[in-house]
Amino acid sequence: GRTFETPALKRLCLEKRVFDAVHTSICISDEERNQVARAYGTEEKKLAKIPPRVDSLVFFPKKDFGHVLRNKKVLLVTPNTIKPQKRQLEAVKVTAYIKNKGHDVVNVFVGNHIDKEYLNKVENEAIKLGLTFKHIQSIPSRHDLYKTKVNILLLTGQREKEFGRLLRDA
């Protein structure tokens, strides 16, 4: 999980007052929930765990099934910051598995890449598994996604919503 940073005392006091004042605070994991409870002395009953999810209506609308059947290509989207906690290495392995089963596949990683060392691991793993990997600077058209011969595209920057709109509205 994430590393819980220890803020300056003034900020810590302000954040504690906020946690004390609100009815419920949202944490994304049990680990974060426990860390917040310890760091701020917040009662656990005031901390709700709601794991992050991808809105499937945005990132995989039902009409995409028709596109997959017509284009004979599996289109995966991994909308996250590129870092170990988001498990892009696993996404690379899934992409390779799908390809090795005989399917044409492209996985688009959309997000910031804060951890350059991890990004290199992801790229090296893709190459090791026989996948092609390409950095792109602009959001491709849906047509271009279905025509590309590259297995993994990396679109950096905070463009998840913009990319989601491309998929939803096509």
Side-chain angles (χ1 to χ4, degrees), residues 1-62 64-65 68 74-101 105-129 131 133 135 139 151-168:
R2 299 185 307 180
T3 302
F4 193 78
E5 60 187 55
T6 305
L9 183 58
K10 186 175 180 180
R11 180 173 170 191
L12 185 64
C13 291
L14 171 66
E15 289 175 354
K16 180 172 179 18
R17 284 196 316 250
V18 171
F19 278 111
D20 290 344
V22 298
H23 181 268
T24 305
S25 296
I26 297 172
C27 300
I28 63 169
S29 67
D30 288 327
E31 180 182 340
E32 183 179 61
R33 190 172 176 228
N34 294 336
Q35 289 172 333
V36 168
R38 279 193 310 271
Y40 298 103
T42 305
E43 298 176 52
E44 286 199 30
K45 67 181 183 182
K46 290 182 75 177
L47 301 172
K49 181 182 100 174
I50 302 177
R53 298 283 188 254
V54 172
D55 183 348
S56 61
L57 294 175
V58 173
F59 287 102
F60 197 74
K62 288 183 180 180
D64 275 355
F65 289 108
V68 169
V74 177
L75 175 61
L76 304 173
V77 180
T78 307
N80 283 309
T81 301
I82 311 297
K83 60 184 183 178
Q85 295 89 336
K86 301 300 182 177
R87 302 181 63 167
Q88 283 86 4
L89 278 173
E90 294 300 315
V92 166
K93 292 173 186 172
V94 168
T95 304
Y97 177 83
I98 293 169
K99 180 183 177 191
N100 292 335
K101 290 291 182 183
V105 61
V106 62
N107 190 341
V108 184
F109 290 170
V110 185
N112 289 328
H113 64 288
I114 294 171
D115 188 336
K116 291 185 189 275
E117 183 178 321
Y118 183 68
L119 177 60
N120 287 336
K121 283 183 185 178
V122 169
E123 191 168 350
N124 290 335
E125 183 70 12
I127 292 166
K128 182 179 106 179
L129 293 173
L131 301 173
F133 192 102
H135 296 255
I139 294 178
N151 300 120
I152 297 189
L153 296 172
L154 173 66
L155 176 63
T156 57
Q158 295 180 331
R159 300 185 185 162
E160 294 90 339
K161 289 182 182 177
E162 187 181 352
F163 190 75
R165 278 191 296 276
L166 166 81
L167 296 178
R168 182 188 64 227

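Throughout, numbering of the chain's residues begins at 1 and tracks the sequence.
- Applying the salt bridge (Lys or Arg N to Asp or Glu O under 4.0 Å) test to Glu117 and every residue at least two apart in sequence or in another chain returns nothing.
- Formation of a donor-acceptor pair under 3.5 Å by the Tyr118 side chain with backbone atoms of Leu89 is found in this model.
- Taking each heavy atom of Val92 and Leu131 in turn, the nearest pair found is O-CD1, 3.6 Å.
- By the 4.5 Å heavy-atom criterion applied to side chains, Pro84 and Asp115 are counted as neighbours.
- Note that CG of Leu47 is 4.5 Å distant from SG of Cys27, once rounded to the nearest 0.5 Å.
- Evaluation of the salt bridge (Lys or Arg N to Asp or Glu O under 4.0 Å) rule for Asp30 yields Lys49 as partners, not counting sequence neighbours.
- Ring geometry for Phe133 against Phe109 counts as perpendicular: the plane angle is over 60°, on a 0 to 90° scale with 30° as the lower cut.
- Taking both residues in full, the closest heavy atoms of Thr81 and Gln88 are given as O-NE2, 3.0 Å, listed atom of the first, atom of the second, then distance.
- Remark: Ile82 CD1 to Arg87 CZ distance equals 14.5 Å, nearest 0.5 Å.
- Listed for the Arg33 side chain is a donor-acceptor partner under 3.5 Å among the backbone atoms of Glu44.
- Among residue pairs with one or both ends in residues 17-26, those qualifying as salt bridge (charged side-chain N to carboxylate O under 4.0 Å, His left out) are Lys16-Asp20; sequence neighbours excluded.
- Thr95 pairs by the side-chain hydrogen bond (donor to acceptor under 3.5 Å, both in side chains) definition with Asn107, not counting sequence neighbours.
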Just distance, no hydrogens or angles: give the donor-acceptor pairs under 3.5 Å from side chains in residues 119-127, sequence neighbours left out.
from   : atom 1 : to     : atom 2 : distance (Å)
Asn120 : ND2    : Lys116 : O      : 3.4
Glu123 : OE1    : His135 : NE2    : 3.2
Asn124 : ND2    : Asn120 : O      : 3.2
Glu125 : OE1    : Lys128 : NZ     : 3.4

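- Once rounded to the nearest 0.5 Å, the distance linking CD of Gln35 with OG1 of Thr42 reads 13.0 Å.
- By the 4.5 Å heavy-atom criterion applied to side chains, Leu154 and Ile152 are not counted as neighbours.
- A heavy-atom distance below 4.5 Å is found between the side chains of Leu155 and Ile139.
- Evaluation of the salt bridge (charged side-chain N to carboxylate O under 4.0 Å, His left out) test over residues 89-99, restricted to residues two or more places apart or in two chains, returns Glu90-Lys93.
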Evaluation steps, side chain to side chain contact (heavy atoms under 4.5 Å, CB included), between Val74 and Leu76: CA-CA 6 Å; Val74 177; Leu76 304 173; 4.0 Å; yes
Audit row: Asn151, Val105, side chain to side chain contact (heavy atoms under 4.5 Å, CB included) steps and yes/no: CA-CA 6 Å; Asn151 300 120; Val105 61; 4.2 Å; yes
Side chain to side chain contact (heavy atoms under 4.5 Å, CB included) evaluation trace for Val108 with Leu75: CA-CA 8 Å; Val108 184; Leu75 175 61; 4.2 Å; yes
